[in-house]
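What follows is one structure encoded as structure tokens, with my remarks underneath.
Please read these numbers as outputs of a predicted model, since none were measured by experiment. Naming convention: chains lettered A, B, ... in sequence-line order (proteins, then strands); numbering from 1 in each chain.
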Amino acid sequence: MTAGSERVVERLFFAAAFVSAFVTVFIFGFLVYYGLPLFSGGRFFEILSSPWAPHQGSFGIYPMIVGTLAISMLAMLFAFPLSMGCAILISVVSRGWLSIGIRKFVEAMTGIPTVVYGFVGIFLLIPLVRNVFTAGSGMCVLSASLMLAVLVSPTMILFFCDSFDRVPSSYGHAVLALGGTRIQQYLHVTLPCSWPGIVVAVTLALGRAVGDTLIALMLAGNAVQVPGSVFDSARTLTSHIALVFAADNESLEFKAIFACGVSLYLFTTILVLIIRLAAHEWGKYGQAR
Amino acid sequence: MNGASMGRLVERGIITFSWLAGAILFTVICAVTGYLCFRGLKTMSPALIFGSTDPMSALLLRQRVFDGLFPAMVGTLLLVLLSVGWAIPIGTAGGIYLAEYAGGGTKKIFNLLFDLLAGLPSIVIGLFGFSLTLFLNRHVSKELHPCLLMSSIALAFLILPYIVRTTQIALENLPVQNRLTGLAMGATRLQNLFHVLLPQALAGMVSGVLLAIGRCAEDTAVIMLTGVVASAGVPRSLLSHYEALPFYIFYISSQYADQQELATGYGAAILLLFICLFLFAVAFVIKKSLPCQVFSQR
């Protein structure tokens with residue numbers, strides 16, 4: 001192969017990387033361009049904070065933002081202790097084949113399609129919530145966040161386990177050598193040392209919870225309102241995009257889904273920056289080993 | 001209560017809590033899969049896929065299947081093949097650039113952008129796919145509407161960061177001596193890449209592709225905005241509407257007319273679940289076994 005063709009192939013590699021990386025920028029550009037009439041003159045923040053009343057000419061997405069936060073935060077509230085418990089079970093409490101088996105089980109869980117969770121949720125979880133809490137139709141913030149918690153848990157568990165494993169084993173051996181138990185080792189050394197990994201795991205899981213469309217769309221009832229309790233129906237930003245899109249037209253009402261898209265984009269950007277900061281801290285541990 | 005017994009209590013508490021968490025998770029997953037199998041296994045038959053149509057004439061596209069999953073399965077298969085077809089060459093080349101050629105500053109920017117792309121909710125990618133369709137419709141060709149082609153392009157963007165990342169990581173994880181031997185023997189950078197590095201990184205790359213296929217097969221939000229419909233039959237061209245398994249499941253869950261349709265929905269959910277878990281298992285096995293095979297062949 002000649003030096004010339006070598007350079008051509010290198011250029012091709014660069015072009016591929018460039019194109020695929022800058023798609024990320026194009027996406028933002030397209031969302032802003034198509035939502036423009038709504039964003040012009042600093043009206044973006046007005047949209048974020050005003051109610052959704054298309055017939056009165058108000059296309060605010062405030063109820064959807066509150067709905068998204070309520071559902072995803074509640075899901076995290078369920079998922080965090082569950083995941084922490086499972087991660088402790090895998091990394092600290094169980095040994096040998098049991099630990100490996102549970103880990104494989106959790107890994108396989110990441111392969112379960114979201115729409116399957118949603119489908120089973122409608123026919124199993126919704127009636128359950130309806131009967132246990134006598135909560136209207138059962139389509140509410142609680143149902144969606146319970147299912148969402150199951151969806152995001154595997155991500156968190158696997159990241160927790162990884163960050164526990166990353167703590168230099170010499171640190172832990174010191175505790176054991178002093179006569180400490182494995183739980184003491186975990187509480188006083190592993191857990192405090194792995195905080196950057198825990199931040200990464202929680203942020204990733206929050207991103208998944210906020211970005212998921214189907215669970216909330218299928219289980220939360222989709223009423224445009226600021227939910228007053230966990231038994232109220234709510235609509236997330238993602239389901240709002242799907243629902244308004246289904247009623248296809250070119251009106252300002254339709255443009256509002258681009259405002260939802262931009263909000264989700266900006267939120268993701270913040271999460272990615274948090275992850276990178278935490279991962280940077282994490283890298284320092286790797287060097288200390 | 002003194003400190004030691006308090007400590008023991010905390011210890012017991014943590015152990016009990018962890019077993020409880022594990023039991024809850026296990027029960028939930030067993031409930032989900034068990035319920036699905038309980039309601040849907042009895043629908044598992046050729047009739048689930050082909051309905052009342054003769055399987056042979058359905059497969060040869062002589063007759064349209066109206067009451068089976070055949071069009072949705074063909075739609076999903078075409079969608080996966082097309083999107084992976086777009087994403088593999090670009091993603092692999094991008095990953096190679098990042099691992100082998102990119103310098104510090106460039107690499108930082110690209111890494112940030114790929115992290116962001118990987119983190120974007122799939123409905124945002126779907127919205128982008130839709131606005132791209134609008135744009136192309138206005139400025140390139142009036143023929144272009146949401147269709148199989150646009151869905152596959154949007155899905156390709158969704159899986160691109162996975163393929164880039166797995167390629168990059170597979171290459172970066174190779175031991176330094178493997179990297180240097182070829183170069184020391186006079187191979188050019190590119191020869192070294194194609195004859196030494198890529199064959200060794202193949203396992204990681206293939207498992208990444210399989211996981212990407214799984215994402216394509218299960219994704220609903222992207223295709224919802226870019227051309228999937230509830231009933232279209234087998235797509236006749238790249239520019240036509242199509243059906244897909246995950247969207248069918250979503251649609252049936254709210255729009256089923258009778259128990260027969262609902263049963264088909266359960267069947268479709270089982271089918272999709274098994275396809276995804278199967279891909280996952282294959283990816284896992286390949287990741288474990290391929291490097292040894294590559295070495296033993298040489």
Working for side chain to side chain donor-acceptor pair (under 3.5 Å), residues Arg39(B) and Tyr35(B): CA-CA 6 Å; Arg39(B) 293 291 301 265; Tyr35(B) 181 76; 3.0 Å; yes
Geometric class of the Phe245(A)/Phe254(A) ring pair [parallel <30°, tilted 30-60°, perpendicular >60°]: tilted
Thr238(A) versus chain B, the contacting section by heavy-atom distance below 4.5 Å: both
Among the listed options Leu132(B), Leu112(B), Leu277(B), the residue most often paired with chain A at heavy-atom distances under 4.5 Å: Leu112(B)
Arg189(B), part contacting chain A, at a heavy-atom distance under 4.5 Å: both
Aromatic centroids of Phe18(A) and Tyr97(B) separated by under 6.0 Å: no
Side chain / backbone / both / neither for Leu272(B) at chain A, heavy atoms under 4.5 Å: both
Segment of Leu116(B) engaging chain A (4.5 angstrom heavy-atom cut-off): both
Chain A interface, residue from Leu36(B), Leu160(B), Leu25(B) that has the most non-hydrogen pairs under 4.5 Å: Leu25(B)
Among Ile27(A), Ile157(A), Leu82(A), Val116(A), residue most engaged with chain B (heavy-atom pairs, under 4.5 Å): Ile27(A)
Nearest atoms (heavy-atom pairs only) where Phe17(B) meets Pro81(A): CZ-O, 3.2 Å
Selection from Gly91(B), Ser131(B), Gly265(B) maximising heavy-atom pairs under 4.5 Å formed with chain A: Ser131(B)
Max heavy-atom pair count under 4.5 Å with chain A, selected residue of Ser18(B), Gly94(B), Gly214(B): Ser18(B)
Asp219(B) portion near chain A, given a 4.5 angstrom heavy-atom threshold: neither
Region of Val28(B) in contact with chain A, defined by heavy-atom distances below 4.5 Å: side chain
Interchain contact, Ile112(A) with chain B, by part (heavy-atom threshold 4.5 Å): both
Top of Phe280(B), Phe26(B), Phe157(B), Phe284(B) for chain A proximity - count of heavy-atom pairs under 4.5 angstrom: Phe280(B)
Option that, when pairs with chain A are counted at under 4.5 Å, heavy atom only, ranks first among Val164(B), Thr106(B), Leu262(B): Leu262(B)
Aromatic plane relationship, Phe194(B) with Phe13(A) - under 30° parallel, 30 to 60° tilted, over 60° perpendicular: tilted
Residue Ser254(B) versus chain A: region with a heavy atom under 4.5 Å: neither
Side chain, backbone, both or neither of Ile14(B) within contact of chain A (heavy atoms, under 4.5 Å): side chain
